[in-house]
Amino acid sequence: MRRSNAHCGCSAKKSCQNSNKGESPMSTGVKVRRDGHVLEVTLERGKVNAIDVPTSQALAAAFQELHEDKDLRCAILTGGGDKIFSAGWDLKALNDGEMSLDNWWEADEYGFGGFTGLTENWALNKPVIAAINGLAIGGGFEMAMGCDLLIAADHVEFGLPEMPLGIVPDAGALQRLPRRIPHNIAMEMFLLGRRMSAAEAAHYGLVNKVVPRDQLMDAAREWAAAIAWSAPLAMQSVKEVQREIECVPLEKAFHKMRTDPMPVYRKMLKSDDAKEGVAAFVEKRDPNFKGE
């Protein structure tokens, strides 16, 4: 119910372009705050943080800003409160005819990067950290899996309740979940709809870290600060290369990396930052990375 890589021309994009610090308006239930090189995106829409088209567009606009603004190096995505990260697609909007189920991928309305700006974003090379503050259900779970690093509060649960609704989780769960946890466990979540605890998700490597709920944002900001301190082109190269070689046999992965365009990786190899990093190590000082 979510679209790939279309550039968002909606007015929500204007609301998330700010100075280096400050927050955007929340007319669409999305709050955006800049803090130095880090963009914090918070979903605060109703009781369950359900996502309709305008909310998806606002999220997409925030991640398009992350993609295009050279001063931004990473983002944190979270939900308001400590009960629900997101219940995913807004079923009331679907029932009211505001969204369509049939051939939703042909619509060009969800914004840059598809549903929530993340599920089919093949252009964004800057890391996004999911700080999962509560239940991640359906499309909310799929949105979280579209992030690069996942930190969950210890009371979090993940679930895919689509089957009794007569639909399937086709914005990332069907595609990503069996690649990240054992196939039969993924099928159990698909077919039986059982929920997975944060501890079990960590056991399978689905989330990177589980922390007490009152430490969630501190943990996410600590990781974001470490990413923001690193050389931007090197950090972006990791995502670019990983995306290009995913599911490619090892020998071919080496060949693709050596011969395919991969513009960020090529730029990184010739960058001033690469020279600066080596020089700083030899001179026993902190590097001054500029993303060039």
Side-chain angles (χ1 to χ4, degrees), residues 1-10 12-13 16-17 28 30 32 34 37-43 49 51-79 85-86 88-89 99 104-132 136 138-150 169-177 179-180 206 208 220 224 227 232-233 235-247 260-265:
M1 305 93 159
R2 317 94 173 161
R3 164 75 177 159
S4 66
N5 259 346
H7 283 266
C8 175
C10 65
K13 184 174 187 291
C16 65
Q17 291 179 335
T28 55
V30 177
V32 179
R34 295 178 64 129
H37 297 303
V38 179
L39 190 71
E40 292 189 7
V41 182
T42 304
L43 181 59
N49 288 334
I51 302 166
D52 61 3
V53 170
T55 303
S56 180
Q57 289 177 342
L59 288 165
F63 293 116
Q64 185 169 3
E65 181 181 9
L66 174 67
H67 172 64
E68 294 177 351
D69 192 325
K70 293 182 179 180
D71 195 48
L72 290 171
R73 298 184 180 179
C74 66
I76 298 171
L77 171 65
T78 192
F85 175 69
S86 175
W89 216 31
M99 296 188 291
W104 56 262
W105 54 87
E106 295 179 358
D108 190 16
E109 57 185 1
Y110 289 93
F112 170 79
F115 177 63
T116 76
L118 290 173
T119 58
E120 296 178 70
N121 197 327
W122 318 126
L124 181 62
N125 290 326
K126 298 176 183 179
V128 179
I129 301 168
I132 306 168
F141 186 11
E142 293 174 306
M143 176 173 64
M145 284 193 287
C147 298
D148 303 289
L149 298 169
L150 280 67
D170 58 354
L174 287 175
Q175 298 91 333
R176 290 188 169 101
L177 191 60
R179 300 186 184 204
R180 300 192 181 183
L206 182 61
N208 299 86
I227 291 171
L233 292 176
M235 194 66 62
Q236 293 171 42
S237 294
V238 171
K239 285 193 65 172
E240 180 185 59
V241 172
Q242 287 295 305
R243 185 172 61 246
E244 294 296 327
I245 68 172
E246 187 176 13
C247 300
D260 283 12
M262 300 191 193
V264 178
Y265 173 64

- request: For atom CZ of Arg179, decide whether the heavy atoms of other residues, nucleotides or ligands shown that lie under 6.0 angstrom number more than 12.
  value: no

- prompt: Between Ala62 and Val32, what is the shortest heavy-atom contact and its length?
  reply: CB-CG2, 3.9 Å

- line: d(Leu72 CG, Glu65 CD) to nearest 0.5 Å is 6.0 Å

- prompt: Closest heavy-atom contact between Phe85 and Met143?
  reply: CE2-CE, 3.6 Å

task: Without swapping roles, check the side chain of Asn125 against the backbone of Lys239 for a donor-acceptor pair under 3.5 Å.
output: no

task: Output, in order, the C-alpha distance, side-chain angles, deciding distance and verdict of side-chain contact (heavy atoms from CB on, under 4.5 Å) for Leu124 and Leu118.
output: CA-CA 8 Å; Leu124 181 62; Leu118 290 173; 4.3 Å; yes

message: Which residue in the set Met235, Lys126, His37 passes side chain to side chain contact (heavy atoms under 4.5 Å, CB included) when paired with Arg73?
response: His37

- prompt: side chain to side chain contact (heavy atoms under 4.5 Å, CB included) with Leu77: which of Thr116, Leu59, Thr42?
  reply: Leu59

message: Keeping Arg180 on the side-chain end and Met145 on the backbone end, is there a donor-acceptor pair under 3.5 Å?
response: yes

- prompt: Would you say Val128 and Asn121 make side-chain contact, with heavy atoms under 4.5 Å?
  reply: no

- request: List the atom of Ala144, the atom of Leu150, and the distance in Å for their closest heavy-atom pair.
  value: O-CD1, 3.5 Å

- request: Please name the residue in the list His67, Glu120, Glu68 that meets the side chain to side chain contact (heavy atoms under 4.5 Å, CB included) test with Phe112.
  value: His67

query: What's the verdict on side-chain contact (heavy atoms from CB on, under 4.5 Å) for Ile227 and Leu149, showing C-alpha distance, side-chain angles and the deciding distance?
result: CA-CA 11 Å; Ile227 291 171; Leu149 298 169; 4.0 Å; yes

field: Any donor-acceptor N/O pair, Glu142 side chain to Ala173 backbone, under 3.5 Å
entry: yes

- line: Between Ile51 and Ser56, the two heavy atoms sitting closest are CG2-N, 3.7 Å

field: Minimum heavy-atom distance Glu240-Val264, with the two atoms named
entry: OE2-N, 3.1 Å

- request: Just jot down the side chain to side chain donor-acceptor pair (under 3.5 Å) partners of Asp260, sequence neighbours excluded, or say none.
  value: Lys256

query: Does any non-hydrogen side-chain atom of Ile76 lie less than 4.5 Å from one of Leu39?
result: no

statement: Between Ala75 and Phe63 the two heavy atoms that sit nearest each other are CB-CE2, 4.3 Å

- line: Separation between CG (Leu206) and CZ (Phe141), nearest 0.5 Å, reads 4.5 Å

statement: Output for pair (Asn49 CG, Thr55 OG1), nearest 0.5 Å, gives 9.0 Å

Residues that Gln175 engages under side chain to side chain contact (heavy atoms under 4.5 Å, CB included), provided they are two or more places apart: none

- prompt: Are any side-chain N or O atoms of Thr119 and backbone N or O atoms of Gly172, one a donor and one an acceptor, separated by less than 3.5 Å?
  reply: no

